[in-house]
Q: 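To start, I am sharing the structure in question, which I have written as structure tokens.
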Amino acid sequence: MEELFEKIAHCVEFGKINLASPYPPDMKGQVGADELTKQAIDAGAEPDDVLKKGLVVGMEKIGIKFRDNKVFVPQVLMSAKAMSTAMEHLKPFFESGAVKRKGVFVIGTVAGDLHDIGKNLVSMMVKGSGFEVVDLGTDVNSQKFIEAVKQHPGCFVGLSALLTTTMVNMEKIVTDIKTAIPGTKVLIGGAPVSEDFKEKIHADFYSRDPQGAVDFLKRSVA
Amino acid sequence: MELQEYRFRFDELEVSIDIIEKFMGYEPGQAPEPMPQLINEVLGIAHELCDIRGGYIIKQETNINREFKTMHINGTEFDVKKIITNQLRKMDNVALFVCTAGPGISNYSKDLMHEGDFIKGYIADVVGSEIVESAMDKIQADLERQMESRGWHITDRYSPGYCGWSVGEQHKLFSFFPKDFCGITLTPSSLMQPIKSVSGVIGIGPEVRRKGYVCNMCDMVNCIYREKKDTKKADRC
Ligand code: B12
Ligand code: SF4
């Protein structure tokens, strides 16, 4: 079974979705994360192991490569697609409670900003690390974040912004969330955001790439 | 001076598969399947999704204050900071510009992402960025032709949000255009809608020149394009 988990991880890392997918070219004609995940479940593997020893491992590897500028956005998206396709086979186990998520991550692009590619990438990577992700979309104000945190007690919150003029809205949102639900951990990111800015607005964590957020979340629930 | 407005069809622009591959991080012609196929699919329908418009307004009453690092146009002060005042100091006139690819391509991208088609959604996003840049290249080239015919030259383009010039000054820039010019509006947070839009200024005069951008003028240390960028045509940003 371990060998199968390794193969699943490999497919996710290299973005091999299924048999029909031509990507990556050197795996053309081979089965992908989709078929292998089904095969593992059918063979009686623990769904939790399929997730943690297979899918999550592959996603972590691509996240690190992306952080280190060894791959570009399209490769990450192929991996995310392989992951989400395979996850369909695990859906019933999430619903029954047989597989538990590591936690909940609420994410949104802050009020006044409509950019979403960066936020989507963070969403995919965090989902791929075993968290449930609640994506509130773009132009999200304090109230919407607070409602989501109330619905998911103990969740983490991620804020994204792409312009300096919308980045400043993070300060109010961080303050509002922490006033309404003290103790909530808020992560921030986006092109103009920095570690200094994080300190200034009293957010809990800043990372320039999604993997940093994944590492922080994993450390926080360990 | 008068307002100049342009409209382009997608096929008038130079948005090639090579350019999109490059933006996505690949060497032109080197993106593996299914990328080229998906790029072609998006390029194939892009003409249905775009409303490509842009334009500029030329103002003659300009002044650069090198002490305070400001630019003055018809009495409006722009706090453009050191790099831009340096680049524009010899201008006689200025062209304020805006350009957009229209809302369709971003909406298409968002829909695809929402449906789980991440790659095509991302490609559509990149195509949208390239459309607006390419349209603005055409407008700039036309402005250059007109100016050259009277022996004048133009500078590169400079935008709020670059080289220390605050995005917040978009409101001042937009005050020079008629309301909803080219279908572009500005939110209170200075975001242009449609998303795939650009704005800025171009210096004009007998003494100015296009020098090409150099990324070392830019304070965007985390920029993912910084190293890859060729300085000859560094107007990706
Ligand atoms: C492509 C691009 C454009 C395109 C398309 C814009 C779009 N996004 O659709 C066009 C040409 C239209 C454009 C226009 C403008 N742009 Co522009 N653009 C870019 C560019 C080059 C890439 C953006 C992108 O797609 N990145 C890819 C995604 C995946 O990256 P990302 O969103 O940053 O997300 C990553 C990380 O930031 C992080 N992350 C994001 N969110 C979060 C959240 C958390 C919690 C964590 C942990 C991490 C995280 O993870 C993501 C994956 O790695 C950036 C420069 C850059 N290199 O970032 C400038 C940039 C965003 N633009 C900038 C500016 C200023 C503008 C304009 C205002 C310029 C102008 N006056 O015309 C306009 C504004 C447009 C508008 N609608 O108002 C500035 C913004 C900063 C600022 N000064 O405010 C940037 C940063 C460039 C710079 N040098 O300063 N732009
Ligand atoms: S490519 Fe990046 S570093 Fe270079 S000018 Fe544009 S934003 Fe700045």
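So you know, we letter chains A, B, ... as the sequences are listed, proteins then strands, and number each from 1.
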Q: Below 4.5 Å from any heavy atom of chain A, which atoms of Ile119(B) appear? Answer side chain, backbone, both or neither.
A: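 Interface part for Ile119(B): both.
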Q: As a test of understanding, state which of Thr70(B), Val94(B), Leu173(B) forms a side-chain contact (heavy atoms from CB on, under 4.5 Å) with Phe78(B).
A: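 Exactly one pass, corresponding to Leu173(B).
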Q: Heavy-atom pairs under 4.5 Å with chain A are the metric here; pick the option from Met35(B), Lys110(B), His114(B), Gln37(B) that has the most.
A: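 Highest number of pairs under 4.5 Å: Lys110(B).
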Q: Can you say whether Thr138(A) sits under 4.5 Å from chain B via the side chain, the backbone, both, or neither, judging by heavy atoms?
A: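 For Thr138(A), the side chain is the part near chain B, not the backbone.
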Q: Given Lys119(A), which partner from the list Asp135(A), Asp113(A), Asp139(A) fulfils the salt bridge (Lys or Arg N to Asp or Glu O under 4.0 Å) test?
A: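 Running salt bridge (Lys or Arg N to Asp or Glu O under 4.0 Å) over Asp135(A), Asp113(A), Asp139(A) with Lys119(A) returns exactly one hit, Asp135(A).
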Q: Please state whether the rings of Phe181(B) and Phe177(B) are parallel, tilted or perpendicular, taking 30° and 60° as the class boundaries.
A: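 Parallel: the ring planes of Phe181(B) and Phe177(B) meet at under 30°.
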Q: Heavy-atom distance under 4.5 Å to chain B: side chain of Met78(A), backbone, both or neither?
A: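 Both backbone and side chain of Met78(A) come within 4.5 Å of chain B.
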Q: Side chain from CB out, backbone as N, CA, C, O: work out which of these in Pro74(A) comes under 4.5 Å of a heavy atom of chain B, or both, or neither.
A: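 For Pro74(A), the contact with chain B is made by backbone and side chain together.
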Q: Apply ring-ring contact (aromatic ring centres under 6.0 Å, His included) to the pair Phe105(A) and Phe131(A), showing each step before the final yes or no.
A: CA-CA 7 Å; Phe105(A) 182 61; Phe131(A) 281 78; 7.4 Å; no
Q: Just give me the residue among Thr85(A), Leu162(A), Ile117(A) that pairs up with chain B most often, heavy atom to heavy atom, under 4.5 Å.
A: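 Highest number of heavy-atom pairs under 4.5 Å: Ile117(A).
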Q: Mark yes or no: Lys81(A) above the aromatic ring of Phe118(B), with NZ or CZ under 6.0 Å from the six-membered ring centre and no more than 45 degrees from the axis.
A: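 Satisfied, under 6.0 Å and within 45°.
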Q: Give, for atom OG of Ser84(A) and atom NZ of Lys127(A), the distance between the pair rounded to the nearest 0.5 Å.
A: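 Interatomic distance, Ser84(A) OG to Lys127(A) NZ, rounded to 0.5 Å: 7.5 Å.
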Q: Can you label the angle between the Tyr56(B) ring and the Tyr6(B) ring as parallel, tilted or perpendicular, going by 30° and 60°?
A: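 Plane angle between 30° and 60°, so tilted.
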Q: Would you mind checking which part of Leu163(A) comes under 4.5 Å of any heavy atom in chain B, side chain (CB onward), backbone (N, CA, C, O), both or neither?
A: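 For Leu163(A), the contact with chain B is made by the side chain alone.
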Q: Checking Gln170(B) against chain A: side chain, backbone, both or neither under 4.5 Å from a heavy atom?
A: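 Contact with chain A is absent: no heavy atom of Gln170(B) under 4.5 Å.
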Q: Do you know which of Leu114(A), Thr166(A), Val76(A) has the most heavy-atom pairs with chain B at a distance under 4.5 angstrom?
A: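 Among Leu114(A), Thr166(A), Val76(A), the one with the most close pairs to chain B is Leu114(A).
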